[in-house]
Amino acid sequence: MSSLKNAFLLLMLAITACHNLSHENEAPPTYQLDGRSTSTIQNQSDDSLQILLTNWYLVPLEEQSFDTTIAGQTTVSFELVAQNKNYYSLKLNEAEHKIFHQPGAGDTLHYHHDNEQAVLFTGTSSTINEYILAKAAHFQSVNADWKPRAMATHTEADFNKVLALNDSITKQHLAYLAEQKTKLPKWFVDFEALRLQYLNAYFKMNSFIYRKVLLNFPDTLPNNFFHTTTAHLPISNDTMAGNEHYMHFVNDYLQFESIAEADKSTHFEESNIERRRLDNIEAIQTKLTGIAREAYLTFTLSLHISKNKYTFNDSLITLLEDQAHRILLYQTLARNEILPKGADLPYVLLPDPDDHLIELESFHGNVLLINFWATWCKPCIKAFPKENALVEEFRDQPVKIINICLDSEKDRWQSMVEKHELKTINLFAQDNWNKKINESFDIQALPHSVLVDWNGKIVQNKGPKPGENAGKQINALLSDMKASKKSSEAKAL
């Protein structure tokens, strides 16, 4: 009976796929700020199904995810933000998949574990999703178009071999696309070929920056590197606006534009790489036009807001020409953020280097500057002398400078605490505490600092970092603390 049911299902899917092919051949709309799509998952097995669907890249900066478990013979639907053609990550009982979404699409994934092919698709993008499924099987990975590139960035000593590997991967994927193109809509073949080229250029540029800044590799750029990498790809491309790999390409393109090609091995110090990444407003105005400009500028400004909301200059929003993009950014700016001023400091219990468990609550009555860092974060490490200086500056004051290490190996953390002679209160987060802290403090990037008053109330999350104006703000809080105590004593008399 089961085999008969499966045969009937396959027949119906084939008929539906033929019906949907005519719709797939119609080129979908390009960038839509308010674009939406629907994803339906039918669990046609008798067992429960764990589902994690993630959309990593939105304009403005935001992550969308759905994490749920459904019973056997059950269906669930998700409405997704789909601003342009993109790939979303999907886990089904820990098995990794990629699914394609586009504005206005409606797609259904049929899951059943008693067939050779556990996943089948119907809907707007069924032919494309079946192609992605077959491609993952062919390359034995759902991430074959980018993961080997990332591994080479970290491990390959010769930068020229990194570049050659990128070109080789792109060539392989373009060849597979060419073999399958008669089964696919022409617009998708054109899109996918362009996406792979943007991905290749992005990874080449990003590899150099990452290796130079964070890994200290002695790389030098080949002659005419920037020109040969980017000349065939338009920096301003309205049809690709909002696509993850195109947007990453734009980001690294604008960084390289600020560096003279003759300075191949200089001007990549970690002290200004963050400025290049965020403070490229003038370059955006100069190099981008149309929808591509609006999308990328909106994303960049939202990144500013995410990292430095309290110092964000909201007049920058008026640089946007499209009213809808402006409204979204004003809403982002006004949104009740995690840990607003006056919120209670989240409960944290972590070990120090001697494995004594320390509660942040135990420091009640002190002004706290909490710095989150990781052993692989070079800007974090560069801040250590400034943190030690703050400890010395406020040694006789009710002030505690606390360093909490995240996403790292414990042995590596302990050795770095000793090597850099950290005078701060040093704590280590691992396992569930890593996730809890990242969520509780809305940590999007490291280093991340939080200023807390003597009553355990948040003064500023994503606040001043050591070496900025942290000392000045701590002194201001100490003055407020003294005034508050005097006021309380006067009322008690």
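Side chains are part of it too, since the values below use all heavy atoms of this structure and drop only hydrogens, waters and symmetry mates. Because the structure is predicted, anything quoted here is derived from the model rather than measured.
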Are any of the side-chain heavy atoms of [X] and [Y] separated by less than 4.5 Å?
X	Y	value
T108	H110	yes
L49	L92	yes
V250	L254	yes
D107	N129	yes
T300	H304	yes
I51	L90	yes
K436	S440	yes
Q285	R293	yes

Check whether [X] reaches the backbone of [Y] with its side chain - one donor and one acceptor, N or O, closer than 3.5 Å.
X	Y	value
N461	F441	yes
N243	Y246	yes
S45	D47	yes
N388	K423	yes
R149	D145	yes
Q73	Q44	yes
D352	N426	no
N206	Y202	no
E79	S37	no
N86	E244	yes

If the plane angle is over 60° it's perpendicular, under 30° parallel, otherwise tilted; pick one for F66 and F78.
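Rings of F66 and F78: tilted, 30 to 60°.
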
Look at the aromatic rings of Y253 and F226 and report parallel, tilted or perpendicular, splitting at 30° and 60°.
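Because their plane-to-plane angle lies in the 30° to 60° range, the rings of Y253 and F226 count as tilted.
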
Salt-bridged, [X] to [Y], with N to O below 4.0 Å?
X	Y	result
K435	D407	no
K204	D252	no
D219	K212	no

Hey, could you give me the [atom1]/[atom2] distance between [X] and [Y], rounded to the nearest 0.5 Å?
X	Y	atom1	atom2	result
K287	E282	NZ	CD	10.5 Å
M481	Q397	CE	CD	9.5 Å
L52	E96	CG	CD	10.0 Å
L165	N200	CG	CG	9.5 Å
I41	S77	CD1	OG	8.5 Å
L339	I458	CG	CD1	5.0 Å

Between [Y] and [X], do the side chains contain a donor N or O and an acceptor N or O under 3.5 Å apart?
X	Y	value
T153	S207	yes
T54	S89	no
K147	S141	no
T74	N43	no
Y296	N251	yes
H248	Y198	no

Under 6.0 Å from the [atom1] atom of [X], do we count more than 12 heavy atoms belonging to anything else shown?
X	atom1	value
D354	CG	yes
E409	CD	no
N432	CG	no
K161	NZ	no
E392	CD	yes

Do F203 and H245 have their ring centres less than 6.0 Å from each other?
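Centroid distance F203-H245: not below 6.0 Å, so no.
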
Centroid-to-centroid, W433 to F428, below 6.0 Å?
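W433 vs F428: aromatic centres not under 6.0 Å.
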
With L427, the side-chain contact (heavy atoms from CB on, under 4.5 Å) member among L357, L360, L349:
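Considering L357, L360, L349, a side-chain contact (heavy atoms from CB on, under 4.5 Å) with L427 is found only for L360.
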
Minimum heavy-atom separation for A144 to P148, with atom names?
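Closest pair (atom of A144, atom of P148, distance): O-CD, 3.5 Å.
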
Which atom names give the shortest non-hydrogen contact between P447 and P379, and what distance separates them?
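For P447 versus P379, the nearest heavy atoms are CD-CB, 4.1 Å.
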
Verdict with reasoning, R326 to D314, per salt bridge (charged side-chain N to carboxylate O under 4.0 Å, His left out):
CA-CA 10 Å; R326 286 189 184 186; D314 60 4; over 6 Å; no

Give the intermediate values and the outcome of side chain to side chain donor-acceptor pair (under 3.5 Å) for residues Y87 and H101.
CA-CA 6 Å; Y87 296 93; H101 275 274; over 6 Å; no

Could you walk me through whether N84 and Q102 pass the side chain to side chain donor-acceptor pair (under 3.5 Å) test, one step at a time?
CA-CA 5 Å; N84 206 337; Q102 54 186 295; over 6 Å; no

Would you sort out whether E359 and Y347 count as a side chain to side chain donor-acceptor pair (under 3.5 Å), showing the intermediate values?
CA-CA 7 Å; E359 292 180 306; Y347 179 77; 2.6 Å; yes

